[in-house]
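Small disclaimer: the values here were computed from a predicted structure and weren't measured.
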Amino acid sequence: MAAAAARLLPEMAYAQRAAVKLSDLPADMVWLNANEFPAGPTPAVLASMQQALPTSNRYHYQEFQQIYGAIAHSEDLQPEQIITGCGSSEVLHTSVDAFTSPTRPLISVTPAYEGPIETARALGRPVILTKLREDYTADVRTLAQEADKAHGGLIYLCNPNNPTSAMTTAKDVDWLVRNLPSNTMLLVDEAYIHFGESPELESALPYVRQGKEVIVARTFSKIYGMAGLRVGFAAARPGIIERLAPLRMNVIPIVSARAVVTALGERSTVLPARQAALARTRRELCAWLEERSVKFIRPHANFIMIDCGRDAHEFISGMPRLGVAPGRPFPPLTNMLRVTIGTDAEMAKFRDVFWKVYKA
Ligand SMILES: Cc1ncc(COP(=O)(O)O)c(C=O)c1O
């Protein structure tokens with residue numbers, strides 16, 4: 001019971017912090033606070049969900065091997081190299097549960113995505129957070145040193161990182177994989193990998209295929225536009241997946257599973273179109289900020305960290321009243337405002353509202 005409650009707590013704390021606290025939310029609020037994709041499931045994905053609904057009185061357990069096969073093959077993996085979860089949140093949580101202990105810490109950077117960090121804390125596991133470099137990137141050598149000092153641990157690397165939108169280059173990830181201290185596992189969270197355009201950004205999935213001490217977490221919540229359907233997966237060699245399996249809750253809902261299989265079937269056309277649209281809108285926003293000499297961290301995900309030049313609280317509390325909800329505070333980057341990239345119309349409203357508060 002206590003362990004289950006500990007697993008749920010961080011998710012609830014996180015959701016509460018992310019919620020916008022305003023009694024009268026404007027009906028036309030532009031939501032740029034949770035790094036969701038502005039478009040939802042495609043018509044084919046919607047149709048597959050509608051088809052699944054009437055038979056949702058069944059568990060459909062017999063279908064899952066085929067579903068796991070479809071997910072695995074989409075990334076050139078075998079079904080025994082993946083495990084699905086309720087969003088990538090679940091596989092991140094189970095990874096922390098399985099590969100940290102009271103003497104084996106979670107090691108990451110600050111700020112990073114809080115999910116795994118809060119899971120570790122709720123489970124009573126030590127957490128070591130290292131500083132970002134001057135350019136807001138993770139210092140992979142420091143991460144390895146900390147694992148070495150602790151005689152092992154779970155290194156959590158979010159790439160591109162949330163909330164900074166900065167990337168860890170393929171060269172740095174490669175160095176880290178080659179220099180992992182003993183008793184150390186690397187957990188790479190690639191929730192936003194599809195949005196990167198830099199040739200220096202690469203997935204860590206090849207290390208999974210090589211059977212290294214690496215877990216890669218992926219989600220259908222971002223570029224696939226399926227956050228509310230709650231599907232993610234972890235990829236790792238079969239021995240690692242076997243350690244995660246007893247800790248996960250159960251299979252994913254059949255409606256979500258059918259949606260994922262259909263979405264994978266059309267990803268070769270849908271994903272490039274979504275990547276291109278997002279990248280164009282992101283470029284336009286960067287250009288607009290540059291024209292006004294507003295500083296920001298060069299983004300590699302579907303969100304951007306803008307340097308407000310003063311405490312960002314003023315923006316975080318002031319903008320929702322004007323119809324735009326930006327991200328929450330991310331200490332220690334107290335002057336930074338995290339903004340999700342939405343549609344062109346949403347970003348036009350963002351620019352308007354941001355500028356009003358900036359100039360005030
Ligand atoms: C970096 C990162 N990883 C994982 C998640 C969890 O997302 P989900 O559980 O919807 O896959 C998020 C959510 O925003 C995130 O930002």
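No side-chain heavy atom of Glu284 sits less than 4.5 Å from a side-chain heavy atom of Met347. Between Ser95 and Leu244 there is a side-chain heavy-atom pair separated by less than 4.5 Å. A 4.5 Å side-chain heavy-atom check between Thr164 and Met336 finds every atom pair outside the cut-off. A heavy-atom distance below 4.5 Å is not found between the side chains of Ser89 and Ser221. Two residues are said to be in side-chain contact when any heavy atoms from C-beta on lie closer than 4.5 Å; Pro320 and Leu25 fail this criterion. Residues Thr130 and Asp139 fail the side-chain proximity criterion, which asks for heavy atoms closer than 4.5 Å.
A salt bridge does not link Arg230 to Glu90: none of the charged nitrogens lies less than 4.0 Å from a carboxylate oxygen. Ion pairing between Lys171 and Glu202 fails under the 4.0 Å rule for side-chain N and carboxylate O. A salt bridge does not link Lys349 with Glu346: none of the charged nitrogens is closer than 4.0 Å to a carboxylate oxygen. The residues Arg298 and Glu290 are annotated as salt-bridged, a charged nitrogen and a carboxylate oxygen being separated by less than 4.0 angstrom. Residues Arg125 and Asp97 are paired through a salt bridge, judged by an N-O separation under 4.0 Å between the basic side chain and the carboxylate.
Atom CD1 of Ile215 is separated from atom CG of Leu187 by 5.5 Å, given to the nearest 0.5 angstrom. In this structure, CD1 in Ile252 is found 8.0 Å from CD1 in Ile254, a value given to the nearest 0.5 Å. Note: Thr334 OG1 to Arg310 CZ = 13.0 Å, rounded to the nearest 0.5 Å. Remark: Ile241 CD1 to Arg248 CZ distance equals 9.0 Å, nearest 0.5 Å. Atom CG of Asp148 sits about 7.5 Å away from atom OG1 of Thr184, to the nearest 0.5 Å. To the nearest 0.5 angstrom, Met305 atom CE is 10.5 Å from Asn335 atom CG.
Here the shortest heavy-atom pairing between Ile316 and Leu337 reads CG1-CD1, 3.6 Å. What you find for Pro160 and Ala301 is that their closest heavy atoms are CB-CB, 4.2 Å.
When each of Leu333, Ile306, Asn35 is checked for a side-chain contact (heavy atoms from CB on, under 4.5 Å) with Arg338, only Asn35 meets the rule. In summary, of the residues considered (Leu129, Ile128, Leu132, Val127), a side-chain contact (heavy atoms from CB on, under 4.5 Å) with Thr110 occurs for Leu129 alone.
Checking side-chain atoms of Arg104 against main-chain N and O of Asn183 turns up a donor-acceptor pair under 3.5 Å. Using a distance-only test at 3.5 Å, with no hydrogens or angles considered, no donor-acceptor pair links the side chain of Glu146 to the main chain of Leu143.
Criterion: ILVMFWY side-chain heavy atoms under 4.5 Å apart, direct or through other members. Under it, Leu271 and Leu201 are not part of a common hydrophobic cluster. Put simply, Ile341 and Phe350 are part of the same group of oily side chains (I, L, V, M, F, W, Y) that touch within less than 4.5 Å, one to the next. Transitive grouping of hydrophobic side chains (ILVMFWY, heavy atoms separated by less than 4.5 Å) brings Val30 and Val339 into a common cluster. Placement of Leu247 and Phe233 in two distinct hydrophobic clusters is found when ILVMFWY residues are connected by side-chain heavy-atom separations under 4.5 Å, directly or transitively.
Each side-chain hydrogen bond (donor to acceptor under 3.5 Å, both in side chains) pair with one or both residues in residues 37-54, not counting sequence neighbours, appears once here: Thr42-Glu266, Ser48-Thr262. Pairs of residues two or more places apart, or lying in two chains, that qualify as ring pair (Phe, Tyr, Trp, His ring centres under 6.0 Å) and include a residue from residues 300-334 are Tyr192-Phe303, Phe315-Phe354. Residue pairs meeting the salt bridge (charged side-chain N to carboxylate O under 4.0 Å, His left out) criterion with at least one member in residues 188-197, sequence neighbours excluded: Glu190-Arg218, Glu197-Arg282, Glu197-Arg283.
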Arg243 vs Glu213, salt bridge (charged side-chain N to carboxylate O under 4.0 Å, His left out): CA-CA, chis, key distance, verdict: CA-CA 13 Å; Arg243 298 270 306 270; Glu213 298 294 280; over 6 Å; no
Test side chain to side chain donor-acceptor pair (under 3.5 Å) applied to Tyr207 and Asp174, step by step: CA-CA 9 Å; Tyr207 301 113; Asp174 190 66; 2.5 Å; yes
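Counting heavy atoms of neighbouring residues, nucleotides and ligands inside a 6.0 Å radius, atom CZ of Phe64 exceeds 12 of them. Residue Glu134 places its CD atom among 12 or fewer non-hydrogen atoms of other residues, nucleotides or ligands, all under 6.0 Å distant.
Note on ring orientation: taking the six-membered ring where Trp is involved, the planes of Tyr358 and Trp355 are parallel (angle under 30°, cut-offs 30° and 60°).
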